[in-house]
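A note on names: the letters A, B, ... follow the listed sequences, proteins ahead of strands, and every chain is numbered from 1. Please read all numbers here as calculations on a predicted model, not as lab measurements.
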There are 2 protein chains.
Amino acid sequence: MEEYQEHSLGGRVFQRIREDILNGKYKEHDELRENTLGKELGVSRTPVREALRQLELEGLVTIIPNRGAYVTGITGKDIWDIYVIRSMLEGLCARWAVEHITDEQLDELEEAILLSEFQMKKTSGFNAEQVTELDGRFHSILYDASGSRMLSHLLKDFHNYVKVARKNSVVSEERARKSIREHRQILRAIRDRDADMAEQLANEHILHVMQNLKKQGFEAK
Amino acid sequence: MEEYQEHSLGGRVFQRIREDILNGKYKEHDELRENTLGKELGVSRTPVREALRQLELEGLVTIIPNRGAYVTGITGKDIWDIYVIRSMLEGLCARWAVEHITDEQLDELEEAILLSEFQMKKTSGFNAEQVTELDGRFHSILYDASGSRMLSHLLKDFHNYVKVARKNSVVSEERARKSIREHRQILRAIRDRDADMAEQLANEHILHVMQNLKKQGFEAK
DNA sequence: TTTTGTATAATTGTATACACGAATACTCAA
DNA sequence: TTGAGTATTCGTGTATACAATTATACAAAA
């Protein structure tokens with residue numbers, strides 16, 4: 001899936017429109033005309049069409065035959081729902097990781113945490129972007145470690161979806177520290193092969209992220 | 001999403017190839033050439049391309065740029081994993097339905113159950129296809145009743161995914177009866193606004209489906 | 001025999017052309 | 001002015017044409 005996106009034009013158009021929807025450039029019920037989009041991006045209708053069809057599958061666009069494509073939009077409630085779903089599935093993921101994780105992946109998780117902790121220790125102040133990237137890496141490794149193609153695929157999709165909400169939420173130093181501590185606890189539980197604990201911790205980890213979002217005034221309605 | 005699939009050619013090609021992959025006509029690592037597929041289906045490359053790009057997003061096809069599209073395939077483990085995930089999310093769905101369901105949807109659920117029960121009472125033997133369709137309808141209504149676009153979308157996708165596994169599994173009369181009883185219990189819990197009970201019952205309902213699959217020799221490895 | 005280079009064929013990627021359907025604007029009668 | 005009916009316009013749906021890339025076949029050199 002990733003392969004195709006990288007070099008091909010159609011793939012880039014897809015990602016671009018997707019970003020523009022998630023960022024709010026195109027708002028709900030906006031009509032997405034193939035010609036217009038193509039001219040804006042300097043490509044023909046063909047790759048645009050492919051992108052729109054894919055976006056429909058993702059639920060970001062609604063296509064009415066012979067009529068047009070319209071932005072479905074993504075509400076605060078949608079994002080909130082995804083977090084709830086994610087909290088359950090991240091728990092499941094951690095549980096499965098206990099059984100399937102490799103030594104190499106354990107090392108990778110350790111490394112991600114160490115790098116995060118290093119960032120937070122910097123006296124010059126931590127690099128928020130870097131910390132966010134490392135957070136993403138930690139979770140991504142965990143997804144792969146679940147040994148389930150389906151679950152991994154799903155969680156990565158979600159992660160992409162809420163990327164924008166995350167970008168908008170300021171990473172408070174306090175939350176960042178707590179988050180890393182929680183990562184470490186999860187890793188510990190997985191090392192100890194304690195499935196129940198791993199599940200519970202991963203579950204709560206997402207719930208804490210949600211609490212933080214709410215504290216920052218995120219609208220879940 | 002459904003709208004587009006119904007009338008357009010590209011949508012039908014998408015569903016057709018999807019079916020063929022899930023049914024095993026195209027096996028893992030098979031190359032899907034746009035021209036060949038187009039000729040087989042009597043259409044040009046354009047709708048085939050759109051379909052392949054969509055299938056990639058679903059994880060059924062892997063596209064390597066400038067090389068081709070290959071069937072990713074779906075293993076027994078994939079299906080099993082989906083059932084596990086589904087069991088959690090169906091629980092969540094039932095929980096949310098308790099809060100969001102409308103009177104009309106309650107009636108629709110009741111109707112689906114009544115029709116199922118009617119099928120099972122027929123002395124001439126029940127129509128398995130009909131019962132399966134009604135089962136699907138029951139769940140679909142419940143998905144909508146969750147009030148969550150995201151969850152509903154997700155569960156419908158899953159339902160499609162495992163459709164084939166279900167088709168292959170014989171619907172034993174015993175299991176069918178139990179299944180309908182479980183549906184009725186779920187509906188009862190939702191009517192009673194008992195979220196915990198609804199969640200637990202919906203959860204277990206899927207677990208029972210899984211047990212039945214296993215009993216029929218389904219390979220989850 | 002193996003390897004490497006090159007020409008050729010096959011396949012994908014993108015753009016364009018044409019067909020079809022839907023929406024809009026217009027005409028003309030009441 | 002209003003309304004029905006028709007013409008025109010606009011956008012999508014599909015097919016085809018062309019460009020770019022990759023795979024294949026074959027020949028020449030090591």
For atom CG of B/Leu37 and atom P of C/dA10, their distance in whole Å: 18 Å
Sugar-phosphate, base or nothing in reach of A/Leu52, heavy atoms under 4.0 Å: nothing
Length of the line joining B/Tyr70:OH and C/dT11:C1', which is rounded to integer Å: 10 Å
A/Asn35 CG - C/dT16 P separation (whole Å): 11 Å
Rounded distance (Å) that lies between atom P of D/dT14 and atom CD of B/Glu50: 7 Å
Separation of atom CD1 in B/Ile63 from atom P in C/dT11, rounded to whole Å: 16 Å
Listed nucleotide nearest any side-chain atom of B/Glu34, set C/dA23, C/dG13, D/dA15: C/dG13
Listed nucleotide nearest any side-chain atom of B/Asn66, set C/dT14, D/dT22, D/dG13: D/dT22
Among C/dA23, D/dT22, C/dA15, the nucleotide that comes nearest once only the side chain of A/Leu9 is considered: C/dA15
Taking only distance into account, with no hydrogens and no angle test, what donor-acceptor pairs under 3.5 Å do side-chain atoms of residues 36-43 of chain B form with protein atoms, sequence neighbours excluded?
| residue | atom | partner | partner atom | Å |
| --- | --- | --- | --- | --- |
| B/Glu40 | OE1 | B/Tyr26 | OH | 3.2 |

B/Arg45 CZ to D/dA19 P, straight-line distance once rounded to whole Å: 15 Å
Crowding at CZ, B/Arg16 (>12 non-hydrogen neighbours, <6.0 Å): no
Among C/dA15, D/dA15, C/dA22, the one nearest B/Ser44 by side-chain distance: D/dA15
Plane angle bin for B/His183 and B/Phe138 - parallel if under 30°, tilted between 30 and 60°, otherwise perpendicular: parallel
Sugar-phosphate, base or nothing in reach of B/Arg33, heavy atoms under 4.0 Å: sugar-phosphate
B/Ala69 vs B/Thr46, nearer the 5' end of DNA chain C by closest nucleotide: B/Ala69
Salt bridge (charged side-chain N to carboxylate O under 4.0 Å, His left out) involving B/Glu34 - partner list, sequence neighbours excluded: B/Arg45, B/Arg49
Short side-chain N/O contact to C/dA23 OP1/OP2 from A/Arg67, under 4.0 Å: yes
Side-chain N,O (B/Arg49) to OP1/OP2 (C/dG13) below 4.0 Å: yes
Reference residue A/His139; test side chain to side chain donor-acceptor pair (under 3.5 Å); the match among A/His159, A/Glu90, A/Lys156: A/Glu90
5′-ward residue of the pair B/Leu32/A/Gly42 relative to DNA chain C: B/Leu32
